[in-house]
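On a predicted model such as this, the values are computed, not experimentally measured, just so you know. Heads up: numbering here begins at 1 and tracks the sequence.
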Amino acid sequence: VNKNKLNSSIKDINDDASRNLIKEIEYTTTDKDGNTYNINAVSGKTDKKNKSIFNLNSVNGKISNDQEIEIFIKSDFANYNSSNQNSNFFQNVVIKYGETVITCNNLNINIENNIAKAYENVVVTKPNSTIKAEMITLDLITKDINISSNINGIDIKTE
């Protein structure tokens, strides 16, 4: 059972270019396991080709539940799909949880599977290590990271 809530306000929209622009967007959903997903954006608008997609600007996200460390996400842009609650964050993406910081160009979150995939220029920084990778998969519940990389034609995978 998903509990969805969309809060938004429209301010001073005068010209045709910004007619569909919504400011101060907040979207919150809770999945069947009690995980809460919250996305805030400075502004956004409905995608012209797919009305289920919201194109968001200056985005902050938070994933939390009662027992785990919260995950914070920040990016310049994101696409949020209201039909399945999945999100794609892109450009200057930063993910923080505990003492771990992940930076990348793209992050795709699949709510149904509780999986996030970060790709393109991925850097994982922990207190005593830094890892660069082409792609990582993050389990949003356990916080386990699987790292995939390809160096000189050799695939490297660690878990």
- Applying side-chain hydrogen bond (donor to acceptor under 3.5 Å, both in side chains), name anything that partners N60, two or more places apart in sequence or on another chain.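 Partners of N60 under the side-chain hydrogen bond (donor to acceptor under 3.5 Å, both in side chains) test: none.
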- Message: Can you list everything that forms a side-chain hydrogen bond (donor to acceptor under 3.5 Å, both in side chains) with T130? Sequence neighbours excluded, please.
- Response: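 Once residues adjacent in sequence are excluded, T130 has no partner under the side-chain hydrogen bond (donor to acceptor under 3.5 Å, both in side chains) criterion.
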- Regarding N81 and S52, is there a side-chain donor-to-acceptor distance under 3.5 Å anywhere?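 Short answer, no.
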- Task: Indicate whether the side chain of N114 and that of Y37 have a donor and an acceptor atom separated by less than 3.5 Å.
- Result: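 The criterion, which ignores hydrogens and geometry beyond distance, is satisfied for Y37 and N114.
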- Item | Chi angles and distances behind the side chain to side chain contact (heavy atoms under 4.5 Å, CB included) call for L107, S75 | CA-CA 9 Å; L107 175 71; S75 67; over 6 Å; no
- Task: Evaluate side chain to side chain contact (heavy atoms under 4.5 Å, CB included) for I131 paired with I145, printing each intermediate quantity in order.
- Result: CA-CA 11 Å; I131 299 169; I145 296 176; over 6 Å; no
Could you give the distance from [atom1] ([X]) to [atom2] ([Y]), rounded to the nearest 0.5 Å?
{"X": "T137", "Y": "N110", "atom1": "OG1", "atom2": "CG", "result": "11.0 Å"}
{"X": "N50", "Y": "S82", "atom1": "CG", "atom2": "OG", "result": "8.0 Å"}
{"X": "N105", "Y": "D76", "atom1": "CG", "atom2": "CG", "result": "10.5 Å"}
{"X": "F77", "Y": "N92", "atom1": "CZ", "atom2": "CG", "result": "9.0 Å"}
{"X": "S43", "Y": "N57", "atom1": "OG", "atom2": "CG", "result": "4.0 Å"}
{"X": "S64", "Y": "I69", "atom1": "OG", "atom2": "CD1", "result": "12.5 Å"}

- Task: For Y97 and L140, run side chain to side chain contact (heavy atoms under 4.5 Å, CB included): C-alpha distance rounded to whole Å, both residues' side-chain angles, the deciding distance at 0.1 Å, then the answer.
- Result: CA-CA 10 Å; Y97 63 94; L140 298 173; over 6 Å; no
- Item | side chain to side chain contact (heavy atoms under 4.5 Å, CB included) involving N55 - partner list, sequence neighbours excluded |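 In terms of side chain to side chain contact (heavy atoms under 4.5 Å, CB included), with neighbours along the sequence ignored, N55 is linked to D47, I53, N79.
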- Who passes side chain to side chain contact (heavy atoms under 4.5 Å, CB included) against T46, sequence neighbours left out?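 T46 satisfies side chain to side chain contact (heavy atoms under 4.5 Å, CB included) with K51, F54 only.
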Identify all side-chain donor-acceptor contacts of residues 115-126 below 3.5 Å with residues at least two apart in sequence or on another chain.
{"unit_1": "Y119", "atom_1": "OH", "unit_2": "N108", "atom_2": "ND2", "d": "3.4"}
{"unit_1": "E120", "atom_1": "OE1", "unit_2": "N106", "atom_2": "ND2", "d": "3.0"}

- Message: Exactly one of I95, I111, I73, T36 should register a side chain to side chain contact (heavy atoms under 4.5 Å, CB included) with I63. Which one does?
- Response: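 The passing option is I73.
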Closest heavy-atom pair and its distance - [X], [Y]:
{"X": "L56", "Y": "V59", "value": "CB-CG2, 3.7 Å"}
{"X": "Y80", "Y": "Q85", "value": "OH-CG, 3.2 Å"}
{"X": "G44", "Y": "I25", "value": "N-CD1, 3.5 Å"}

- same_hphob_cluster(V93, V42) at 4.5 Å side-chain heavy-atom cutoff: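 In one cluster: no.
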- Task: Report the hydrophobic cluster partners of V101, with the cluster defined as I, L, V, M, F, W, Y residues connected by side-chain heavy atoms closer than 4.5 angstrom, directly or transitively.
- Result: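 Members besides V101, by chain and number: V94.
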